[in-house]
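Remarks on the structure that follows.
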Amino acid sequence: MPTSKPLNLFLILTVTINLCFADLPSFREASAFRNGRECPKTAWSALDKKIHNPSIIHIAMTLDTAYLRGSIAGVFSVLHHAICPENTVFHFITTHRRGAELRRAITSTFPYLNFHLYHFDTNLVKGKISSSIRRALDQPLNYARMYLADLLPAGVRRIIYFDSDLIVVDDVIKLWSINLGSHVLGAPEYCHANFTNYFTSKFWSNPVLTASFKGRSRNPCYFNTGVMVIDLWKWREGKYTEKLENWMRIQKRYRIYELGSLPPFLLVFAGDVEGMEHRWNQHGLGGDNLEGLCRALHPGPVSLLHWSGKGKPWLRIDSKKPCPLDSLWAPYDLFHHPSLFSDR
């Protein structure tokens with residue numbers, strides 16, 4: 001007998017509710033990481049509106065239920081390799097949904113961590129997001145990196161932005177200390193990549209749109225927005241959030257790209273980015289956006305491993321189908337595996 005429509009609707013609602021209110025994963029409490037003797041004694045308060053203390057490292061990450069395990073591993077990796085871990089402040093961006101639970105997850109895993117939680121209003125991007133080649137790229141929180149200057153206190157002059165699918169295997173102070181010069185944003189650039197692939201033929205055939213790259217300090221190159229160092233004061237002065245939003249509106253009308261929040265950043269900043277060593281974003285370890293196949297490291301030294309792409313190390317490990325490089329992520333995984341502690 002065919003299932004009735006009301007029953008189908010009931011089943012869909014039941015599954016949706018269970019997903020929304022499912023328990024968050026539990027994590028082991030991390031050890032307390034303390035500053036070395038050479039670290040300056042300093043403190044930071046969100047109330048310091050105009051004081052910029054270069055000894056305090058500010059790191060921003062988004063926080064949600066789907067990527068919580070990756071975020072926890074990322075934080076743990078930063079603290080593990082930092083000489084001055086107590087001088088690091090984390091700024092977590094989340095939506096109103098389950099914010100209190102996410103805060104408890106961070107507090108219970110890192111009781112000593114200096115962090116702040118900010119609520120991202122998804123209405124800011126409502127109606128501006130266009131569908132992309134992978135659903136995960138269409139989530140509103142994926143666009144929160146565009147609004148860091150509005151979300152964070154005015155006293156935060158510089159911020160490191162990290163995606164939630166990476167680990168740091170070097171002292172983050174080296175990344176923090178990079179000289180941005182006159183630029184607003186710093187990131188590793190990949191000029192060997194075919195830049196034209198990031199936009200549709202409709203974009204490249206429109207001289208008005210392509211003229212946006214004229215006047216840049218050099219030829220535009222691809223950069224990955226999962227690792228960025230940003231001067232928030234210059235960002236605010238230049239009203240760069242408005243510039244990014246403008247390209248999102250153009251996208252809604254003309255469909256000029258397919259890759260979520262990345263292309264607006266390329267349209268606004270490519271060619272005016274302070275280039276950094278590739279060691280600070282060994283990206284693409286999650287494979288492409290469709291299949292997520294295993295990949296090898298790029299040649300050269302490594303300070304940061306980034307599982308951008310469809311394949312995430314925690315999902316592949318749990319499915320018993322890990323890629324070789326996923327073993328480098330595993331030591332930073334604080335996920336509490338119930339089967340390992342069960343009395344049964």
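None of these values were measured; they are calculated from a predicted model.
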Is there a side-chain contact between L266 and W247, using heavy atoms and a 4.5 Å cut-off?
-> no
Say whether E29 and Y112, considering side chains only, have a donor N or O and an acceptor N or O under 3.5 Å apart.
-> no
pair D231-R157: side-chain heavy atoms closer than 4.5 Å | yes
Run the numbers on E245 and Y147 for side chain to side chain donor-acceptor pair (under 3.5 Å), then give the verdict.
-> CA-CA 10 Å; E245 288 181 326; Y147 297 88; 2.6 Å; yes
Looking at F92, W44, F90, which hits ring pair (Phe, Tyr, Trp, His ring centres under 6.0 Å) with H116?
-> W44
Parallel, tilted or perpendicular: rings of F223 and F265 (30°, 60°) | perpendicular
Working to the nearest 0.5 Å, report the span between CG of L185 and NZ of K234.
-> 11.5 Å
Are any non-hydrogen side-chain atoms of Y161 and I59 less than 4.5 angstrom apart?
-> no
Scanning both residues in full, the closest heavy-atom pair of M248 with P264 reads CG-CG, 4.2 Å
Run the ring pair (Phe, Tyr, Trp, His ring centres under 6.0 Å) check on F269 and Y240 step by step: do they pass?
-> CA-CA 9 Å; F269 293 105; Y240 283 96; 5.1 Å; yes
One should read off an interatomic distance between I159 CD1 and L148 CG, to the nearest 0.5 angstrom, of 6.5 Å
Residue pair S130 / Q251: nearest heavy atoms and the distance that separates them | OG-CG, 3.2 Å
Where is the tightest heavy-atom contact between T200 and R255, given as atom of each residue plus distance?
-> OG1-O, 3.1 Å
For side-chain contact (heavy atoms from CB on, under 4.5 Å), just list the numbers for C84 and I173, CA-CA rounded to whole Å, side-chain angles, deciding distance to a tenth of an Å, and then say yes or no.
-> CA-CA 8 Å; C84 305; I173 188 66; over 6 Å; no
For K252, look at atom NZ and say whether over 12 heavy atoms of other residues, nucleotides or ligands are found less than 6.0 Å away.
-> yes
Is the Y67 ring parallel, tilted or perpendicular to the W314 ring (thresholds 30°, 60°)?
-> perpendicular
Identify the heavy atoms of L180 and R158 that sit nearest to each other, and give their distance.
-> CG-NH2, 3.5 Å
Supply the atom-to-atom distance T241 OG1 to D150 CG, rounded to the nearest 0.5 angstrom.
-> 4.5 Å
With a 3.5 Å cut-off and no angle check, do the side chains of D170 and W280 form a donor-acceptor pair?
-> no
Where does the angle between the aromatic ring planes of Y190 and Y222 fall among parallel (under 30°), tilted (30 to 60°) and perpendicular (over 60°)?
-> tilted
Show your reasoning for whether side-chain contact (heavy atoms from CB on, under 4.5 Å) applies to L68 and L63.
-> CA-CA 6 Å; L68 179 59; L63 204 61; 3.9 Å; yes
Donor-acceptor pair, side chain of S108 and main chain of A105, under 3.5 angstrom = yes
Parallel, tilted or perpendicular, as decided by the 30° and 60° cut-offs, for the rings of H91 and H58 | tilted
Donor-acceptor under 3.5 Å (S77 side chain, G74 main chain) | yes
Hey, can you tell me if F195 and W204 have their rings parallel, tilted or perpendicular (30° and 60° cut-offs)?
-> perpendicular
Considering residues at least two apart in sequence or located in another chain, which fulfil the side-chain contact (heavy atoms from CB on, under 4.5 Å) criterion with E38?
-> I83
Do D326 side-chain atoms and C323 backbone N/O form a donor-acceptor pair below 3.5 Å?
-> yes
Salt bridge or not for D288 and R295, using N-O below 4.0 Å?
-> no
Between K312 and G309, is there a donor-acceptor pair closer than 3.5 Å when you use the side chain of the first and the backbone of the second?
-> yes
Chi angles and distances behind the side-chain contact (heavy atoms from CB on, under 4.5 Å) call for T94, H119 | CA-CA 5 Å; T94 186; H119 292 291; 4.0 Å; yes
Shortest non-hydrogen pair, P54 vs W176, comes out as O-NE1, 3.1 Å
Close side-chain approach of R98 to L24, heavy-atom, < 4.5 Å | yes
Salt bridge or not for E189 and R218, using N-O below 4.0 Å?
-> yes
Taking the side chain as C-beta and beyond, is there a heavy-atom pair between I167 and W307 under 4.5 Å?
-> yes
Considering all heavy atoms of both residues, which atom of L209 and which atom of S212 are nearest to each other, and what is their separation?
-> O-OG, 2.8 Å
Is N87 reaching over with its side chain to a backbone N or O of P40, donor-acceptor style, under 3.5 angstrom?
-> yes
Measuring from E86:CD to R34:CZ, what's the distance to the nearest 0.5 Å?
-> 5.0 Å
Under a 4.5 Å cut-off applied to non-hydrogen side-chain atoms, are I72 and I106 in contact?
-> yes
In Å and rounded to the nearest 0.5 Å, what is the CZ to OG1 distance from R28 to T109?
-> 10.0 Å
Does some side-chain heavy atom of S164 sit less than 4.5 Å from a side-chain heavy atom of T62?
-> yes
Under 4.0 Å between a Lys/Arg side-chain N and an Asp/Glu carboxylate O for E291 and K310?
-> no
Do F115 and V75 have side-chain heavy atoms sitting under 4.5 Å apart?
-> no
Assign the ring pair F335 / F27 to parallel, tilted or perpendicular, where the plane angle (0 to 90°) is split at 30° and 60°.
-> perpendicular
Going by atom types alone, do R145 and T225 pair a side-chain donor with an acceptor below 3.5 Å?
-> yes
Taking the side chain from D138 and the backbone from G260, do they hold a donor-acceptor pair closer than 3.5 Å?
-> no
